[in-house]
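Report on one structure; see the data block that follows.
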Amino acid sequence: MTLEPLLALSDLRIRFPDDEGLGAGEVVCGVDLLIRPGQAVALVGPSGAGKSLTALAILGLLPAAATVTGQIVWEGSDLLAGPAAAWRPLRGRRIALMGQEPATALDPVMRVGEQVAETVRYHHRLDRRAAQERMIALLAEVCLADPRQIARRYPHQLSGGMCQRVLLAAALAGDPDLLIADEPTTALDVTIQSAVLALLDRVRRNRQMALLYITHDLAVVPQVADRVAVMDAGQVVEEGPVVPLLAAPQHERTREMVAAYSERRAAEPPSAGESVLTVRGLVVTRRVGTAWWRRQRRIEPVADVDLSLRAGETVGLVGETGCGKTTLARALVRLLEPTAGTLHLQDSDLLALRGASLRRARRRIQMVFQDPGGSLNPRLKVAATLGEAVAVVAPRSGRTERWRRVVDLLAEVGLAAEIAQRYVHEMSGGQRQRVAIARALALEPQVLIADEPTSALDAPVRVRLLRLLADIQRRRGLALLLISHDLDLLERFCHRIAVMYLGRIVEFLPVGPGVTLPQHPYTRALLAATPSLAAVGAAGPLTGRSVRSLAADESSRMAVDVPLPSFLAPPAGCPYHPRCLLANDACRRALPDLVRVAPEHDLRCPVAAQCSGDLVIDLP
Amino acid sequence: MSGAVANGAARDGRPTHRRHDRRLIQALRRHPSLLAGLVIVTALAVVAVTANLIAPGDPAALGPADQQLVPPSAAHPCGTDLLGRDVLRRLVHGSRVSLMVGWVSVLVALVLGTVVGMTAAMSKPFIDRLLMGLTDLLLAFPSIFLVLLLVSLTSPSLLVVMAVIGLTGWMSVARLIRAEVLSLRERDFIAAARGLGLAPWQLALRHLLPHVLPLVIVTAMLRVGNAILLESFLSFLGLGAQEPTVSWGAMIEQGRRHLVDGWWLATFPGLAIALCVVGYNLLGDGLREYLDPHSRTGGQRRDA
């Protein structure tokens with residue numbers, strides 16, 4: 001490419017004064033970056049690397065306290081050298097920004113069409129009617145079916161994916177030459193994320209617009225960008241074309257990040273012993289609409305779930321947001337009361353216990369929560385948090401004994417004893433989650449339920465934590481239920497995976513060499529949508545395979561323009577049928593049973609069972 | 001229990017109190033109302049505690065006959081009353097009554113309100129509804145009438161006043177605490193503590209109470225001023241402190257008949273009450289700003 005660069009950053013430095021609450025000192029230290037017209041560049045790095053600050057600096061939107069030095073050259077002229085007003089004609093018109101949280105970026109009291117039209121009117125000086133037409137065209141461009149009708153809605157009436165499309169339309173309103181997208185899909189489910197990413201890519205190519213895509217997730221990079229710049233601690237450590245760079249990373253931090261997407265736990269056969277935790281026909285009912293004048297409605301976030309965990313086994317539970325994963329987890333540890341079904345921990349019936357005997361039984365089945373910042377008491381130091389858990393098991397122990405136990409627990413989760421004196425807000429996300437795990441381990445549980453323990457963490461930290469969990473599991477022979485929305489992650493660390501859809505398990509399949517492929521259309525759609533580094537040869541066995549064989553497969557696609565599943569109006573028959581491209585009349589009428597199609601492989605889809613019962617993974 | 005562990009570990013931890021001091025100083029600079037309230041309230045407390053030192057002598061003892069109803073002068077900065085008693089000395093001693101009534105009655109209301117509120121929030125819906133129904137019922141009576149009714153049923157004394165103000169003030173505290181505990185109950189760390197197998201009382205004392213305490217303290221400060229006003233009002237009506245006990249409210253009542261020929265009699269106690277109430281309100285407001293977690297900076301940085 002010999003085009004003149006559109007934007008060139010050279011030696012960009014951002015510094016905050018020391019008494020400011022934000023991380024003081026130099027936070028961006030010497031960033032060089034080149035974006036040519038029509039080029040898509042991904043800026044990747046862990047939280048706090050300075051990615052978003054760099055983006056804000058390009059737009060001249062940093063807080064006044066920040067000192068910016070270096071050069072931001074836009075089409076040959078240095079913006080930092082000129083007056084601050086030089087930015088104004090660029091913002092929105094030439095450089096547009098698409099933010100991270102669709103829910104808060106839109107004004108909740110304004111119709112979404114109006115918000116897009118406002119931007120159009122401002123940038124193009126059009127009258128009301130012309131702006132309206134332009135707005136409708138923009139909404140259509142971002143693939144919103146029936147744009148006239150969508151334009152009249154308020155943000156709360158749209159799903160997260162639709163909000164993100166509206167934001168894209170608003171960003172496109174000024175026909176920018178460069179679109180800066182700051183983690184636009186972080187808050188979305190993988191299925192919706194993949195649709196938004198595909199849309200972004202198509203729009204960019206059609207408009208020949210340059211794109212700066214900011215993300216912490218390396219796996220989405222091959223999907224959206226031609227070039228990638230890896231950022232760490234305020235510096236770009238490596239930059240180059242996507243595929244060669246990811247296939248052969250040079251810098252240590254890049255290597256670490258790529259490794260985080262390919263590391264797998266050693267494939268050991270799950271011990272075929274008796275199950276520790278047995279769940280049969282578990283149902284959790286919740287009442288919604290508590291106003292007394294309204295008819296109360298019952299929903300079933302967990303409907304008829306069967307599950308079993310063996311000692312030393314990791315079972316993954318995957319599904320989209322709101323499919324009932326967390327409700328199931330909480331019912332298993334009896335933070336919620338199940339309405340029906342049985343729950344056995346070895347021989348004891350957990351649902352029959354009450355009061356003090358229940359409190360004693362709780363020790364044997366522990367839970368690690370999604371948000372470690374919320375699950376640790378902010379007013380207690382780590383020592384007190386862990387000491388409390390130790391005291392539950394050994395109420396008569398003395399203080400030195402307890403302290404020794406706390407230090408042991410911290411060591412087991414890879415933390416130094418000094419951490420004991422910290423409060424929650426003085427620790428990083430990874431440290432907090434380790435403390436939460438240590439608290440669970442203090443009770444010597446037989447079953448550990450981890451509810452999205454890594455979803456708040458960066459990829460390398462995430463993998464380190466999962467490695468730790470796997471180590472602990474091997475050492476203690478724990479049964480581990482790992483809940484996540486990331487199928488790629490689960491299949492690298494689990495022995496079996498249960499796929500949940502609208503409160504029901506739709507497929508329960510084993511992972512590993514020589515086992516059957518996923519067959520449920522929903523599982524296949526999830527696999528196809530899950531971002532992974534398979535393109536550069538780094539992925540789990542299923543996702544690695546999915547790119548080659550599933551992408552072209554009709555059954556792995558999902559109908560997009562259907563309302564998202566809701567517990568309030570569950571579809572009749574198979575819950576997945578409205579989004580399923582294989583669905584027939586029988587699917588719409590009756591709920592299929594979960595039947596065994598192969599050893600350890602259960603499937604709730606008669607259609608898929610007939611099509612391809614013989615696919616076997618042939619990886620080593 | 002595990003606090004012991006924390007102490008045992010303090011050997012290798014660095015001291016944190018210095019940082020707390022710095023934060024407090026910073027907070028005082030940032031919230032002037034906190035500083036003003038703290039100064040006024042501390043000054044009044046010092047005056048009340050050292051009343052016998054800074055204004056020795058019996059405030060009720062009659063003065064010399066030629067010293068009756070003397071206007072403010074160097075010898076008597078606030079003048080003297082009909083019986084020749086120094087108004088300033090009476091003011092100083094009267095502060096003890098005001099403060100005691102304020103604090104004791106608020107303490108009664110807070111303890112009752114916290115216990116009822118927490119019990120309601122942590123109990124089964126039936127008990128919750130019962131307790132809150134009772135609270136709402138009592139809240140439906142205008143509190144002034146309730147206080148007047150209760151006080152006039154018994155012989156007037158300070159003890160009765162304190163008890164009555166406390167017993168009629170706990171309802172709003174209970175509602176506040178219940179609401180706070182209800183929202184706390186949904187937080188993950190409470191679920192996590194339940195998952196450990198802690199008993200309800202352990203949950204309440206170790207995990208819930210420390211979180212509602214700031215709210216309790218702020219409410220307490222705001223209510224102390226209110227209670228002092230109520231006590232003055234009762235004493236003004238002659239239903240509170242009785243002679244020879246000095247009370248600001250009673251002093252105003254005595255001065256009421258001499259507004260023209262003895263303006264200082266009602267003015268200075270009135271100013272004292274105003275100062276006291278303003279002081280506690282400023283302190284309460286300042287504490288609310290200071291303790292409000294939303295206004296606090298620091299903590300972990302968000303993703304850049």
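The sequence lines fix the lettering, A, B, ..., with proteins before strands; numbering per chain opens at 1.
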Most contacts with chain B, counted as non-hydrogen pairs under 4.5 angstrom, among A:Leu443, A:Leu335, A:Val392, A:Asn377: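 Highest number of heavy-atom pairs under 4.5 Å: A:Asn377.
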Checking heavy atoms, do the side chain of A:Arg330, its backbone, both or neither come under 4.5 Å from chain B? side chain
Which atoms of A:Leu380 are under 4.5 Å from chain B, going by heavy atoms: the side chain, the backbone, both sets, or neither? side chain
For A:Ser397, does its backbone N or O pair with a side-chain atom of A:Arg402 as donor and acceptor, under 3.5 Å? yes
Plane angle bin for B:His207 and B:Phe189 - parallel if under 30°, tilted between 30 and 60°, otherwise perpendicular: tilted
B:Asp128 bridged to B:Arg178 by N-O distance under 4.0 Å: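 Yes, B:Asp128 and B:Arg178 are salt-bridged.
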To the nearest 0.5 Å, atom CG of B:Leu196 lies from atom CZ of B:Arg194 at 11.5 Å
